[in-house]
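Structure record follows, encoded as structure tokens.
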Amino acid sequence: MSVLADLGGLPLLVAYLLLLAGTAVQYRRGKLSGTRAVLLVGMCLTWLSYALLQVTQGGAVPTGTPLNYALDALAVVALVVGVVAMGWWWRARDET
């Protein structure tokens, strides 16, 4: 097995956290509009939820532990918030 396979979804999780942080920095610097930032954050959150599930389902965090359950719950929350954010963006883009 490769080293990346042994880590589970950890590199993917780090990558999406970095994308989320980069989006926040670009918005803070004024290089992203508010509606565009909401879209990017929503996309990052949906993929972050996928990465969290990769870490918990046979990945770096053992199944059946409290940390596993907490990360699974966080993944569900991130997915719901991401989908709501993208839905908000979908409605907001028609108003401009």
Side-chain angles (χ1 to χ4, degrees):
M1 283 186 121
S2 72
V3 174
L4 289 177
D6 292 340
L7 292 175
L10 211 51
L12 190 61
L13 179 65
V14 171
Y16 288 120
L17 285 172
L18 287 174
L19 282 173
L20 194 57
T23 300
V25 167
Q26 293 299 318
Y27 175 72
R28 188 83 171 131
R29 289 183 179 170
K31 296 187 178 187
L32 284 175
S33 67
T35 54
R36 180 77 169 184
V38 168
L39 171 65
L40 294 175
V41 166
M43 290 169 43
C44 285
L45 286 175
T46 56
W47 283 103
L48 183 65
S49 70
Y50 171 75
L52 281 168
L53 290 175
Q54 293 300 310
V55 170
T56 60
Q57 304 301 318
V61 178
T63 304
T65 61
L67 179 59
N68 184 295
Y69 295 133
L71 290 176
D72 281 345
L74 183 61
V76 170
V77 169
L79 179 65
V80 169
V81 171
V83 168
V84 167
M86 287 189 295
W88 179 88
W89 172 82
W90 184 267
R91 287 189 309 270
R93 73 181 177 88
D94 290 336
E95 294 173 4
T96 57

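Since the structure is predicted, the reported quantities are computational estimates derived from the model, not experimental observations.
Inter-residue side-chain proximity for D72 and V76 is flagged as unmet; no heavy-atom pair is nearer than 4.5 Å. The shortest side-chain heavy-atom distance between V38 and V41 does not fall under the 4.5 Å cut-off.
Rounding to the nearest 0.5 angstrom, the gap separating the CH2 atom in W90 from the OG1 atom in T35 is 14.0 Å.
Across all non-hydrogen atoms, the minimal contact from C44 to L20 is CB-CD1, 3.6 Å. Annotation for A37 and Y27: closest pair CB-CD1, 3.7 Å, computed over non-hydrogen atoms. The two residues G82 and L45 have their closest heavy-atom pair at CA-CB, 3.9 Å. Considering all non-hydrogen atoms of both residues, S49 and A75 come closest at CB-O, 3.0 Å.
In this view, R29 and V25, Q26, K31 satisfy the side-chain contact (heavy atoms from CB on, under 4.5 Å) rule, not counting sequence neighbours. Applying the side-chain contact (heavy atoms from CB on, under 4.5 Å) criterion to Y16, with sequence neighbours excluded, gives L12, L19, W47, L48, A51. For V61, the side-chain contact (heavy atoms from CB on, under 4.5 Å) partners at least two apart in sequence or on another chain are V55, T65, L67, N68, L71. A search for side-chain contact (heavy atoms from CB on, under 4.5 Å) contacts involving V84 returns V80, not counting sequence neighbours.
Criterion: ILVMFWY side-chain heavy atoms under 4.5 Å apart, direct or through other members. Under it, L39 and V81 are not part of a common hydrophobic cluster. Neither L79 nor L17 shares a network with the other; the hydrophobic side chains, linked directly or stepwise wherever heavy atoms of I, L, V, M, F, W or Y lie under 4.5 Å apart, form separate groups for each. The cluster map of Ile, Leu, Val, Met, Phe, Trp and Tyr, joined by side-chain heavy atoms under 4.5 Å apart, puts V83 and W88 in different clusters. If you chain together hydrophobic residues whose side chains sit under 4.5 Å apart, M86 and L52 never meet in one group.
Grouping Ile, Leu, Val, Met, Phe, Trp and Tyr residues whose side-chain heavy atoms lie under 4.5 Å apart, directly or via other members, leaves L53 alone, with no other cluster members.
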